[in-house]
Amino acid sequence: MRKLLKRMRSRELIMCVLCSVLLLGQIYFDLKLPDYMSALTVLIQTPGSALSEVWLTGGKMLLCTLSSAVLCIACGYLAAKAASGFTFGLREDLFTHVSGLGQQEMLGFSVPSLITRTTNDITQIQMVIAMGLQALIKSPVMAVWAILKILGKSWELSLITAGFVVIICVSVTLIVASVLPRFRIVQRLTDQLNRIARENLTGINVVHAFNAEEYQNQKFDKVNTKMKTTQLKNQRTFAALQPMMGLGMNGLSLTIFWVGAALLSGLPTGDPAGRLTMFSNIMVFSTYATYVVMSFMMLVMIFMLLPPAEVSAERINQVLETKPAILEGTKEHGTEVGTVEFNHVSFRYPEAADDDLIDVSFKVNKGETLAIIGATGSGKSTLVGLIARFYDATQGEVLIDGINIKEYTFDALYNKLGYVTQKAVLFSGTIKENVAFGESQNETTTEAVERAIALAQASEFVGKMECGLDHRISQGGRNVSGGQKQRLSIARALARKPEILVFDDSFSALDYRTDAALRAGLMKELSGTTKVIVAQRISTIRHADQILVLDEGRIVGDGTHDELMQNCPVYREIAMSQLSSAELADERK
């Protein structure tokens, strides 16, 4: 928690300091009331006291009460502003930091857990600051101040008050120590609930299609029941705090009056002034002792919020302190233009047993088309992921424009690339906003967006939409078909006008006619752009300048379509499974 509070900006710090000053004023007025109460008791019990003095003392008590109320409202306002401002900045820092993490770090935390940390955990911090800022300052100051005021009045009553305070402190410490580990369990269970809910909502069609509603409900109920049981244990433990504090406060008052009565009865009856002073001291002592116990009651309320907030702070710090494994370099430009080269590259995923790519070497020059094909799991997507630097190579070098990609700044690297993912991803917003998504060194104008849409063979369905480029895309692109999503994703990469286009099996959702038209357009309009295409269909890549055939992470074939048909059994097997007898006969001619 302390580490997070160091991130508080100066504006929020000033609010906290001002709130602390106002709290001291509020405590002063609260603790003045017993003094006026003592004076009022003496005035009432003393024969011949002027009524004006009684009214004056009562007016001072009323003024103290009103002043305390005004300061309390001001403190509450400042505490709420400081808490909301701090968590606003913290949420922004956390989101920005997560956006800069790589695939390796994201997999380490999991998406549901990161969502919980950005929302629920930060809310826990906000609640503690908004409610605890006042109590954490007011309670100890008021308790110490009240104790100092009563220390010299009666050692018997002071000893009784100290005994009650010790008992309360020990009880609260034991309760908090017992629930803190269970709050960590609750936070982990919250992550699991989030994950199961996301899986269920994302795959709801599959759940319905396979009549798996009951199975999903059982998965959710298992975690939900465990969370309920853990929370019940926490709340039952905390339930003992409030009655314990009430018993302590009332018991202390009763004991003070009982012992005070004994002390009062021990004074001689012939000393009315002494007896009156003792009676007044007992009343004041009782009030101050109540303030002491009330201070600890306020601390108990914070202790009920502090354990989950402490766990939340730890989880947030885990993310903020995680350093990205992929760091940017300093270079902006390469020594070549539009080239991609792998120099004896091997790659192994974190914590994997074997390499996913083994000693891969090739080079593709400006304007050429490199195609990559192979069986499922052969490492095709992994290879192009290294070009986009989602991971760094375990061994060897990946060079773009003659420079190791580790030496580029992120802006320089991604300005050179247009990357189309295997799974089409669209964001909520208009078609134009999706195609012109992100920052690029080339200005993405409306004309550039329209050109990219036309080249991606998306003009036909975009033109039929009522709002055209301003048609709203729902979250995840749920209001367009798979093929339409894929074409808009391709248009997004084309609109950047990159040196190198990377298609990670991006034509699989397209029909043969659209696939052919798109490839023809790319060859005609972007002849100077280097293209790297991962594909499953021979028809998509047969005219590529260079084709790599991967098998279990190794290159087992490298050449043109005709060359591979002659000397690569793996490629020939794939071709025979996809091409008709007539097409194969034409190949042999």
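The analysis underlying the following values was restricted to heavy atoms, covering all of them including side chains, and did not include hydrogens, waters or symmetry mates.
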Under 3.5 Å: donor-acceptor pair, side chain of Arg496, backbone of Tyr414: yes
Residues forming a side chain to side chain donor-acceptor pair (under 3.5 Å) with Ser474, sequence neighbours excluded: Asn479
Euclidean distance, Asp30 CG relative to Thr65 OG1, rounded to 0.5 Å: 8.0 Å
Salt bridge present between Lys219 and Glu199 (N-O < 4.0 angstrom): yes
Minimum heavy-atom distance between Ala452 and Val435, given as atom pair plus value: CB-CG1, 4.5 Å
For Thr382, side-chain contact (heavy atoms from CB on, under 4.5 Å) partners two or more places apart: Phe347, Tyr349, Asp356, Leu357
Side-chain heavy-atom pair Leu413, Leu417 within 4.5 angstrom cut-off: yes
Any side-chain donor near an acceptor of the partner, Arg117 and Gln318, under 3.5 Å: yes
Residues Thr123, Thr119; criterion side chain to side chain contact (heavy atoms under 4.5 Å, CB included); working and verdict: CA-CA 6 Å; Thr123 301; Thr119 52; 5.5 Å; no
Exercise: identify the closest heavy-atom pair between Arg492 and Phe437: CD-CB, 3.6 Å
Expected output: side-chain Asn194 to main-chain Thr190 donor-acceptor under 3.5 Å: no
Residue pair Ile473, Phe427: steps toward the side chain to side chain contact (heavy atoms under 4.5 Å, CB included) verdict: CA-CA 7 Å; Ile473 300 293; Phe427 300 90; over 6 Å; no
Least distance between heavy atoms, Ala393 atom then Lys406 atom: O-NZ, 4.2 Å
Test item: His97 side-chain N/O and Val319 main-chain N/O as donor-acceptor pair under 3.5 Å: yes
Validation row: Val398, Asp392 side chains within 4.5 angstrom (heavy atoms): no
Ala325 backbone acceptor or donor facing Glu105 side chain under 3.5 Å: yes
Whether Ser68 side chain and Cys64 backbone form a donor-acceptor pair below 3.5 Å: no
Rounded distance (nearest 0.5 Å) linking atom OG of Ser312 with atom CD1 of Ile125: 5.5 Å
Heavy-atom side-chain contact between Pro498 and Tyr419 under 4.5 Å: no
Under 3.5 Å donor-acceptor, Thr96 side chain and Asp93 backbone: no
More than 12 heavy atoms of other groups within 6.0 Å of Lys432 NZ: no
4.5 Å side-chain heavy-atom contact, Leu193 and Met227: yes
Pairing of Lys423 and Asp504 as salt bridge, 4.0 angstrom limit: no
Verdict with reasoning, Lys416 to Asp401, per salt bridge (charged side-chain N to carboxylate O under 4.0 Å, His left out): CA-CA 9 Å; Lys416 295 176 180 292; Asp401 291 351; 2.8 Å; yes
Non-hydrogen atoms of Ile326 and Phe410 that approach each other most closely: O-CZ, 3.7 Å
Over all atoms of both residues, closest heavy-atom pair of Ala493 and Gly418: CB-C, 3.9 Å
Point-to-point distance, once rounded to the nearest 0.5 Å, from CZ of Phe220 to OG1 of Thr225: 9.5 Å
Residue pair Cys16 / Met8, side-chain heavy-atom distance below 4.5 Å: yes
Residue pair Ile204 / Asn200, side-chain heavy-atom distance below 4.5 Å: yes
Under 3.5 Å donor-acceptor, Glu433 side chain and Thr430 backbone: yes
Short side-chain to backbone donor-acceptor contact, Asn120 and Thr116, under 3.5 Å: no
Residue pair Lys497 / Ala448: nearest heavy atoms and the distance that separates them: CE-CB, 4.2 Å
Value rounded to 0.5 Å, distance of CG in Asn434 from NE2 in His471: 10.5 Å
4.5 Å side-chain heavy-atom contact, Gln126 and Ser84: yes
Straight-line distance of Lys226 NZ to Ile185 CD1, nearest 0.5 Å: 7.0 Å
Heavy-atom donor-acceptor pair, Arg11 side chain to Phe86 backbone, under 3.5 Å: no
Check: Thr322 and Phe109 side chains under 4.5 Å, non-hydrogen atoms: yes
Audit row: Gln192, Leu189, side chain to side chain contact (heavy atoms under 4.5 Å, CB included) steps and yes/no: CA-CA 5 Å; Gln192 293 182 35; Leu189 291 173; 4.2 Å; yes
Distance in Å, Thr421 OG1 paired with Gln486 CD, rounded so as to fall on 0.5 Å steps: 7.0 Å
Expected output: side-chain Thr394 to main-chain Arg348 donor-acceptor under 3.5 Å: yes
Side chain to side chain contact (heavy atoms under 4.5 Å, CB included) between Glu12 and Phe88, worked out: CA-CA 11 Å; Glu12 282 76 41; Phe88 170 82; over 6 Å; no
